[in-house]
2 protein chains.
Amino acid sequence: MDALPPSPESSPWLPFENRRRARDEKRDAVLRTAVQLFLEQGYHRATLNEVAERLNITKPALYNYFRSKEEILFECWAVGQEQVDGFIAGINARGGTGLVKLRQLVHAYAENMATDHGASLVRFDPRDLSEKNSRIVRAGKKSIDRTFRKYIADGIADGSIKPCDPKMTAFAIAGSLNWIGHWFQPDGAMSATAIADEFTDRLTEGLAARPVKKTASTVAKKKPSRGGIR
Amino acid sequence: MDALPPSPESSPWLPFENRRRARDEKRDAVLRTAVQLFLEQGYHRATLNEVAERLNITKPALYNYFRSKEEILFECWAVGQEQVDGFIAGINARGGTGLVKLRQLVHAYAENMATDHGASLVRFDPRDLSEKNSRIVRAGKKSIDRTFRKYIADGIADGSIKPCDPKMTAFAIAGSLNWIGHWFQPDGAMSATAIADEFTDRLTEGLAARPVKKTASTVAKKKPSRGGIR
DNA sequence: ACTTTTTATTACCGATGGGTAATATACGGG
DNA sequence: CCCGTATATTACCCATCGGTAATAAAAAGT
């Protein structure tokens, strides 16, 4: 796709690195195509033949990059999980009250649900995975759930959130967010960011111990100037 | 199972009615077993052989009651949809402010999500259905969504609900409720009713134009004496 | 130019599972 | 007691699809 160093007289390391990178790019392309198809048609109806077809190759070629259909499914999920783990780490690093962290989590999670790999977190069925991978998925879900509960508990402890049952509250919020993965359409009326803004306010307005100003304040980290790139 | 009229000298209509009823009971039994299995293992992993096995019959016997696996799936869904349509009709009949109706809807819907046929509404994939049945399912979902939005809009109009976007608010509430169908376990810590109570308050507390008393008031219709039958 | 490795293709296997045909069995009615 | 209908069983078909040789083509290394 993009420009590669065409000079043949460069270090002997480059071609090697090139090959590794080319391979990884192909692997990623398979993953992107697969996750789209799996979301479009559902894991069981989607066939590897069709995945291959969209990539202009044939089915057995896929087995150069993955051991099985199940492994592809798992890797699709893993990408989404890594994204979530990533922004959770960022929120933890920045710190703040429980409410502030919760609002950041809601916002980032909502935006993530509007992506293919994000939606795959809630639209793929762990029962399609091997026992080993299924356990990893369950651990990931559990970890996200714990984060929601922790931020809520933190908020109650520091006084930013009204006393409530963290478990049920986390279920209510996460459920609302997870459902985005089922109805969001990129070509819909609202952008992912707009939805995330809306949900951030809607899902936390009942929790704040005292009124919160507006969305902008809590999400000021990224996108300092709206309407820029993309 | 239960007692049948053993007298052979009764009206000639009875045996006929008996047979029809017996048939319907068997059909229902298939449906109950199927929905359980489909929820347990997922539609694609669940086989008709296993459905039959649980009923102590063999697979072809199922075809006396259903034309295909897909038809069974659709009927499972239809039962859940009828239940929802039923209590929505009740809420409409009783009337009240938008907020009151919304709270009743949330409560009833939450409880329904804790049943097999209720969960099937959100855990089965419409893409497994024929085009014809898929359209019916989509119409049903749309109808439920419209009801949520209408109650919210009613509430805004009559002043019981704070101004907000009915579409997004309905998505947020319904998503939260739908997710119950994914995590609820009958043998869990909380009963379906307790969860419904909790969600009714949690999901509407941010919407009320002025503070609402308690759950009991809005759900006083059914169960006048708790701990009675069942 | 020759060899080796990587990557892809064609052709095929085999398990799974929905669905059907032929047939047996139970049962109510005359 | 026999017949017709409903209901069940056994045995089977076959389309689908994940996965695997065997092998060809392309690229890298020497």
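In what follows, chains are A, B, ... by sequence order, proteins preceding strands, each numbered from 1. Keep in mind that what you see is a predicted model, and the values were worked out from it rather than measured.
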Study note, to complete from the structure: Rounded to whole Å, the CD-C1' distance (B:Glu71 to C:dG19) equals 14 Å
Review point. Reckon A:Thr58 has a side-chain N or O less than 4.0 Å from the OP1 or OP2 of C:dA8?
Key: no
Exercise for review: For the residue pair A:Arg54 and A:Gln36, confirm or rule out a side-chain donor-acceptor distance under 3.5 Å.
Suggested key: no
Review point. What is the distance from NZ of A:Lys26 to P of D:dA26, rounded to the nearest Å?
Key: 13 Å
Practice item. Determine: side-chain N/O of B:Arg23 to OP1/OP2 of D:dA6, distance under 4.0 Å, yes or no. Key: no
**Study point:** Whole-Å distance separating the CD1 atom of A:Ile57 from the P atom of C:dT7
**Key:** 12 Å
**Study point:** Interatomic distance where CD belongs to A:Glu53 and P belongs to C:dA8 [whole Å]
**Key:** 16 Å
Point to revise | Check: B:Tyr151/B:Asn92 side-chain N/O donor and acceptor closer than 3.5 Å | key: yes
Review point. A:Thr47 or A:Pro60: which one's nearest nucleotide on DNA chain D is closer to the 5' end?
Key: A:Thr47
Review point. Picking from C:dG18, D:dT10, D:dG18, which would you name as closest to the side chain of B:Tyr63?
Key: C:dG18
Review point. Is A:Lys59 touching bases, backbone alone, or none of the nucleic acid, heavy atoms closer than 4.0 Å?
Key: base
Revision key, fill the gap. Taken to the nearest whole Å, CZ/A:Phe66 to P/D:dG19 is 13 Å
Check your understanding: If you look at every strand shown and take non-hydrogen atoms under 4.0 Å, does B:Tyr65 touch a base, only sugar-phosphate, or nothing?
Key -> sugar-phosphate
Point to revise | Euclidean distance, atom CG of residue B:Asn64 to atom P of C:dG19 [Å, nearest integer] | key: 15 Å
**Study point:** Polar contact flag, side-chain donor to acceptor under 3.5 angstrom, B:Arg103-B:Thr200
**Key:** no
Exercise for review: Take atom NZ of A:Lys69 and atom P of D:dG19, then tell me their distance rounded to the nearest Å.
Suggested key: 8 Å
Check your understanding: How long is the line joining CG of A:Asn56 and P of C:dA8, in whole Å?
Key -> 12 Å
Point to revise | Nearest-neighbour nucleotide for the B:Leu48 side chain, C:dG19, D:dA8, C:dT7 considered | key: C:dG19
Exercise for review: Could you tell me how the ring of B:His44 sits relative to the ring of A:His44: parallel (under 30°), tilted (30 to 60°) or perpendicular (over 60°)?
Suggested key: parallel
Practice item. Pick base, sugar-phosphate or nothing for A:Ala52, based on heavy-atom distances below 4.0 Å to the nucleic acid. Key: nothing
**Study point:** Side chains of A:Asp85 and A:Gln81, donor plus acceptor under 3.5 Å
**Key:** yes
